Each structure stands twice: as structure tokens, then as C-alpha cells.
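Report on the structure given below.
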Amino acid sequence: MTRASGVGSWPGTRSREAVVAVRDLLGDGIPHLPELPGRGVGADMVGRAAGLLAGLHVETQPYGWRFAGRPGHDEGRARALLREDLDELAEAYDGWSGPLKVQVTGPWTLGATIELPRGERAVADHGARRDLVGSLAEGLRAHIADVERLVSGAEVVVQVDEPALPAVLEGRLPTASGYGTLRSVDRSEVRDGLREVLDAAGERTTLVHCCAGEVPVQLLRESGARGISLDTSLLDGARWEQVAEAVEAGVTLWAGAVPTSGGDWRTARDRLVGAWQRIGLPVSALADVVVTPTCGLAGASPSSAVAALRTTTDLASALTDLAAG
């Protein structure tokens with residue numbers, strides 16, 4: 001059966017409303033713990049993940065997040081916002097049994113965003129990269145344990161968000177001065193670091209989300225991710241071929257096929273099925289796909305966000321019928 005899910009973020013600032021809305025809209029699919037970056041510092045994807053880091057501390061500067069020597073107000077706010085969300089999750093999912101997805105920003109996007117005290121991005125320093133991977137893996141283990149303690153019937157699904165991954169691999173990140181670019185990080189180091197974070201989820205279902213058109217599909221497979229979450233509207237022919245190889249190898253496609261504005265499920269169906277057939281995959285295999293909006297919904301209006309998830313669930317139903325023949 002094709003299932004519906006969301007990418008992660010949601011509009012607004014009220015945690016309870018967001019958690020309940022996602023639960024009600026995706027209860028027959030794979031609901032998720034929504035992220036509300038509209039609440040400001042600490043609720044953004046980087047700050048939220050930085051608040052999970054074990055043994056590392058962060059603070060904000062006018063230009064963004066930076067590692068710090070001790071805990072501070074900004075880190076405390078990030079942790080407090082996450083605790084609030086988990087409290088609302090526990091109440092909304094009391095008695096729940098089934099899949100429940102959580103999202104965390106991956107080590108390479110964190111390293112590309114958080115700066116060292118001396119002013120360069122953490123991804124530029126080998127030791128900082130190593131420490132960040134280990135810290136995030138440990139923090140993710142604790143986070144999963146918290147979710148499972150609060151929602152005992154949850155089958156936790158872990159999504160690692162890596163929008164900056166292509167820029168890290170290709171050496172496209174600007175230096176602090178802005179006059180040059182940082183050296184690319186070796187592909188094997190990127191793969192192994194991502195694998196270490198994914199391994200923190202143990203035997204649970206994992207996926208990596210990357211909304212860039214130049215997504216490194218093969219690397220994501222090699223990292224051990226059980227699923228890949230992509231904006232399918234950005235994929236060219238070559239990357240669709242890589243998706244086909246991944247699917248045939250047993251990787252689940254989380255297809256970002258619904259515009260964040262919602263749109264018509266028939267149009268989304270025709271585009272996805274057309275691409276699916278062009279790469280030679282059987283229609284019956286659409287039963288294993290998870291469909292989502294193309295990206296997070298934080299930038300949408302509340303009504304558009306609801307419409308997008310409703311379109312996503314309609315698309316999942318249509319693909320289920322199509323796959324069944």
C-alpha cells in the first residue's frame with residue numbers, strides 16, 4: 001500500500017495545533033513530529049538539531065549559529081522548544097500504535113552552517129567534522145529513546161535532512177570572507193559520517209532527505225539509508241535512473257511529488273507514474289513508495305499546508321489502487 005507522509009516543517013507557532021493537525025491528516029499513513037521554524041531562534045532546523053548535540057554547545061551570532069565553550073540562552077531555548085513539542089506529541093499520540101517519523105538535520109548540513117569560534121564553517125576542519133558526527137549520533141540515540149518513552153507504541157522512523165550535502169561534496173560552500181570556496185570533503189568521509197548517524201537509529205527505519213536537484217543518490221544508498229526522500233520535480237533523467245537502481249536494490253523511495261501549495265492529485269499522479277514507467281519500474285512497485293510534498297511546509301499558509309497533505313493522501317490512495325491493478 002502506498003503511504004503518505006510529510007517532510008517535516010509546518011507553518012505557525014503553536015505546537016499543539018501543529019501536532020494534532022499532522023496526526024489527523026496523516027493518521028492512516030506515516031505522521032511526523034512537525035517542526036515550527038516560525039517560532040524563531042532554536043526552532044529552525046539547524047538550531048533544533050544543534051540542541052540535540054551531546055557534549056557540544058552552540059550560540060547565535062548576527063550571522064547565524066556558532067559553536068561555543070559552554071551552554072547559553074540560545075541552546076537552552078532550542079532544547080526547551082523541543083521539550084514542548086515532545087510533551088504535545090505524548091498527549092496527542094496517547095495510545096498510538098504505528099509508524100511515527102522524527103527529523104534531524106544531518107551532520108554535513110550542520111557542519112556547513114554552524115561556524116567554529118574562529119569564524120570558519122565547521123565542515124572546513126577535519127577534527128570538528130569528526131566531533132560533530134559523533135555528537136549528533138549520540139544525541140540522536142537519546143532523542144529516539146525520549147520519543148519511544150513518551151509514545152510507547154510508536155514505530156519510530158528517522159529522517160536525516162541533508163539539503164547542503166551536494167555543496168559539501170562539490171566544494172561550493174563560500175569561505176568566511178566570501179572570496180573563495182571551501183575544499184570539498186572526500187566522498188568516503190561524507191558517506192561514513194552519514195552512516196554513523198544513521199546507525200544510531202539501530203534497526204529502525206531510516207531515510208535521508210535531500211531536496212536538491214543534484215542529489216547524490218548512489219552515496220545515500222551506500223550510507224545505509226533504507227529510504228531516500230527527494231523532490232521528484234527536480235530530478236533529471238540520469239538521476240531517475242539512479243533512483244531505479246536504488247529501488248531495485250530494496251531502497252524505499254519517499255517521492256516528493258505534491259507541490260507545497262497542494263494542487264491536484266491527478267497531476268501529481270500522472271507526473272510520478274510517467275517518470276516511474278520511463279525508468280522501467282513496474283507499476284505494482286508503486287505500492288512500496290511513500291509520497292510526500294516536495295518540501296517542508298513552513299513557508300506555506302496554514303490552509304495551503306493542510307491542502308498539500310490532503311492532496312498527498314489522495315495521491316497515496318490513487319497509487320495504491322493503480323498498483324493493485
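Just so it is clear, the values below take in all heavy atoms, side chains as well, and ignore hydrogens, waters and symmetry mates. Because the structure is predicted, anything quoted here is derived from the model rather than measured.
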Closest approach of G256 and T232, non-hydrogen atoms and distance?
-> O-OG1, 2.9 Å
Side-chain H-bond candidate by donor/acceptor type, T320 with S317, under 3.5 Å = no
R191 bridged to E196 by N-O distance under 4.0 Å | no
Over all heavy atoms of both residues, which pair between P216 and L169 is shortest? Give the atoms and the distance, please.
-> CG-CD1, 3.8 Å
Report yes if the side chains of V208 and L198 come closer than 4.5 Å at any heavy-atom pair, otherwise no.
-> yes
Stepwise side chain to side chain donor-acceptor pair (under 3.5 Å) test for H57 and E75 | CA-CA 7 Å; H57 304 292; E75 179 182 327; 3.2 Å; yes
Quick one: does E115's side chain get under 4.5 Å of W65's, heavy atoms only?
-> no
Answer yes when D85 and R16 have at least one side-chain N-carboxylate O distance shorter than 4.0 Å, and no when they do not.
-> no
Would you say W254 and R3 make side-chain contact, with heavy atoms under 4.5 Å?
-> no
L82 versus H143: any side-chain heavy-atom pair under 4.5 Å?
-> yes
Evaluate the side chain to side chain contact (heavy atoms under 4.5 Å, CB included) criterion for residues R310 and W265: first the C-alpha distance (whole Å), next the side-chain angles of each, then the deciding distance (0.1 Å), finally the verdict.
-> CA-CA 9 Å; R310 284 179 175 161; W265 63 266; over 6 Å; no
D321 CG: over 12 foreign heavy atoms closer than 6.0 Å | yes
Is there a side-chain contact between E35 and Q103 (heavy atoms, below 4.5 Å)?
-> yes
Inter-residue atom distance L33.CG - R23.CZ, 0.5 Å rounding | 13.5 Å
Please examine the side chains of T294 and C211, heavy atoms only from C-beta on, and report whether any two atoms are closer than 4.5 Å.
-> no
Going through the checks in order, is the side chain to side chain contact (heavy atoms under 4.5 Å, CB included) test met by V290 and L253?
-> CA-CA 6 Å; V290 181; L253 174 64; over 6 Å; no
Of V104, T113, D161, L110, the one forming a side chain to side chain contact (heavy atoms under 4.5 Å, CB included) with M45 is D161
Measure the shortest side-chain to side-chain distance between L272 and V291 over non-hydrogen atoms and say whether it is less than 4.5 angstrom.
-> yes
Could you go through the side chain to side chain contact (heavy atoms under 4.5 Å, CB included) check for D125 and R118 one step at a time?
-> CA-CA 11 Å; D125 182 273; R118 63 176 180 270; 3.3 Å; yes
d(E138 CD, L56 CG) to nearest 0.5 Å is 9.5 Å
Using a strict 4.0 Å threshold on nitrogen-to-oxygen distance, state whether R269 and D314 make a salt bridge.
-> no
Enter the distance from R195:CZ to D199:CG here, rounded to the nearest 0.5 Å.
-> 6.5 Å
Note, T292 side chain near V258 side chain (heavy atom, < 4.5 Å) | no
D236/R239 salt bridge by N-O under 4.0 Å criterion | yes
Heavy-atom closest contact (P107 atom, V133 atom, distance) | CB-CG2, 3.8 Å
Output yes when E203 and R226 qualify as a salt bridge under the 4.0 Å nitrogen-oxygen rule, no when they do not.
-> yes
Thinking salt bridges, do D74 and R66 make one under a 4.0 Å N-O criterion?
-> no
Is it true that a side-chain atom of T312 and a backbone atom of A308 form a donor plus acceptor pair closer than 3.5 Å?
-> yes
Can you tell me how far CD of E170 sits from CZ of R187, rounded to the nearest 0.5 angstrom?
-> 12.0 Å
In the hydrophobic clustering (ILVMFWY, side-chain contacts below 4.5 Å, transitive), which residues join W10, or is it alone?
-> V22, L25, L26, L36, L297, V306, L309
When every non-hydrogen atom of L220 is compared with those of L165, the smallest separation belongs to CD2-CD2, 3.7 Å
If every non-hydrogen atom of S15 is compared with every non-hydrogen atom of E88, which pair is closest and at what distance?
-> OG-CG, 3.6 Å
If you draw a 6.0 Å radius around CZ in R183, do more than 12 non-hydrogen atoms from other residues or ligands fall strictly inside?
-> no
